[in-house]
Amino acid sequence: INNLGYCYLRVGDPARARPLLIKASDLLPTSSLVFHNLALTELQQALNGPARRPILLDPIRRAMILDPTSAETCFTAALTFAAASNQESPPPESDSKALALQAKKCAQDAIDRGLSPSRLLVLAAMMANSDDAAAIRRLALSQRTAGEAVAIEDHLIPPLLPRGRASRM
């Protein structure tokens, strides 16, 4: 069920992915990957859906509790918190500044866990506050290795959804 939901998510159909991933989360309540995929679905629906609704933060928080060592989960958390901080009405349990701080902390955690620094440029592009965006860009550029090409142009920035995150059940 998780894999099918993830496939729907990857082809851009989060409305079909969400119920499958909710069912998968009921069946596998300790799977960080299921909650990570559900968080990606929430993020995609909130950003691209017809009715811009507040981003639900519970799935990404659950994924981080279940697997705090995953660079991809930290990166998705950073994207989710950044997107939530930019919304006109952020989730009721958090304010915009606190969410932006969480996004920056998760970005640093993702780097510490091995995320490619160039991927942080996606996050920098999402930050509404120019100081926050500049801090994320500086972090990305300061962490780059000599052999790594950092994507500066928008058309070179990696896609929002990481590839290869589906798991076998």
Side-chain angles (χ1 to χ4, degrees), residues 1-87 90-91 93-94 99 102-127 136 140 143 148-149 151 154-169:
I1 294 175
N2 176 56
N3 289 349
L4 183 57
Y6 184 77
C7 288
Y8 279 125
L9 178 63
R10 292 297 292 165
V11 298
D13 195 348
R16 287 177 113 177
R18 189 172 189 275
L20 292 169
L21 293 168
I22 289 172
K23 175 80 170 165
S25 71
D26 290 341
L27 294 172
L28 299 167
T30 59
S31 171
S32 66
L33 189 58
V34 169
F35 285 97
H36 180 257
N37 291 341
L38 186 55
L40 287 172
T41 302
E42 290 295 331
L43 181 60
Q44 194 175 76
Q45 280 189 308
L47 294 177
N48 302 323
R52 307 223 359 137
R53 62 174 175 76
I55 296 173
L56 299 178
L57 300 176
D58 289 340
I60 194 59
R61 287 183 172 148
R62 181 75 183 264
M64 291 191 64
I65 289 168
L66 292 169
D67 186 6
T69 63
S70 166
E72 285 297 332
T73 301
C74 290
F75 179 62
T76 299
L79 291 172
T80 302
F81 294 137
S85 76
N86 292 341
Q87 291 188 316
E93 70 274 14
S94 301
L99 289 166
Q102 283 182 293
K104 287 192 280 189
K105 181 192 179 309
C106 290
Q108 182 64 60
D109 289 347
I111 287 289
D112 293 346
R113 287 160 178 75
L115 185 81
S116 169
S118 62
R119 304 248 338 258
L120 288 185
L121 295 174
V122 172
L123 176 60
M126 290 180 68
M127 301 297 284
I136 296 295
Q143 298 293 319
E148 182 179 27
D154 286 347
H155 67 281
L156 295 177
I157 291 177
L160 173 65
L161 299 177
R163 299 201 187 280
R165 287 290 295 163
S167 72
R168 304 265 182 237
M169 286 197 270

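Evaluation of the side-chain contact (heavy atoms from CB on, under 4.5 Å) rule for Ile65 yields no partner, not counting sequence neighbours. When the side-chain contact (heavy atoms from CB on, under 4.5 Å) test is applied to Ala110, the partners found at least two apart in sequence or on another chain are Cys74, Phe75, Leu115. Taking the side-chain contact (heavy atoms from CB on, under 4.5 Å) definition, one finds that Lys23 meets it with Ile1, Leu27, sequence neighbours left out. Considering only residues two or more places apart in sequence or on other chains, Asp67 meets the salt bridge (Lys or Arg N to Asp or Glu O under 4.0 Å) condition with none of them.
Checking side-chain atoms of Thr41 against main-chain N and O of Asn37 turns up a donor-acceptor pair under 3.5 Å. Judged by distance alone, with hydrogens and angles left aside, the side-chain atoms of Arg113 form no donor-acceptor pair with the main-chain N or O of Glu72 at under 3.5 Å. Of the possible polar contacts, none joining the Arg61 side chain to the Leu57 backbone as a donor-acceptor pair under 3.5 Å is found.
A heavy-atom distance below 4.5 Å is not found between the side chains of Ser25 and Arg62. At a threshold of 4.5 Å between non-hydrogen side-chain atoms, the residues Thr80 and Leu99 do not count as touching.
A distance of 12.5 Å separates CG of Asp112 from OG1 of Thr69, quoted to the nearest 0.5 Å. Summarising the geometry, atom CZ belonging to Arg10 is positioned 9.0 Å from atom CD belonging to Gln44; distances are rounded to the nearest 0.5 Å. We find the CD-CG distance between Gln102 and Asp109 to be 11.0 Å, quoted to the nearest 0.5 Å. The distance from the CG atom of Leu21 to the CZ atom of Arg16 is 13.5 Å, given to the nearest 0.5 Å. Atom-to-atom distance recorded for Leu4:CG and Tyr8:OH is 5.0 Å, nearest 0.5 angstrom. With rounding to the nearest 0.5 angstrom, the CG atom of Asp58 is 9.5 Å from the CZ atom of Phe35.
In terms of heavy-atom proximity, Cys106 sits nearest to Ala77 at SG-CB, 3.7 Å. The two residues Ala107 and Ala78 come nearest to each other via the heavy atoms N-CB, 3.8 Å. Closest heavy-atom contact between Gln45 and Ala15: NE2-CA, 3.6 Å. Contact between Ser32 and Leu66 at its shortest, heavy atoms only, is CB-CB, 3.6 Å.
Between the side chains of Thr76 and His36, a donor-acceptor pair is found at a separation under 3.5 Å.
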Between Thr73 and Leu33, is a side chain to side chain contact (heavy atoms under 4.5 Å, CB included) present by the stated rule, with each step listed? CA-CA 9 Å; Thr73 301; Leu33 189 58; over 6 Å; no

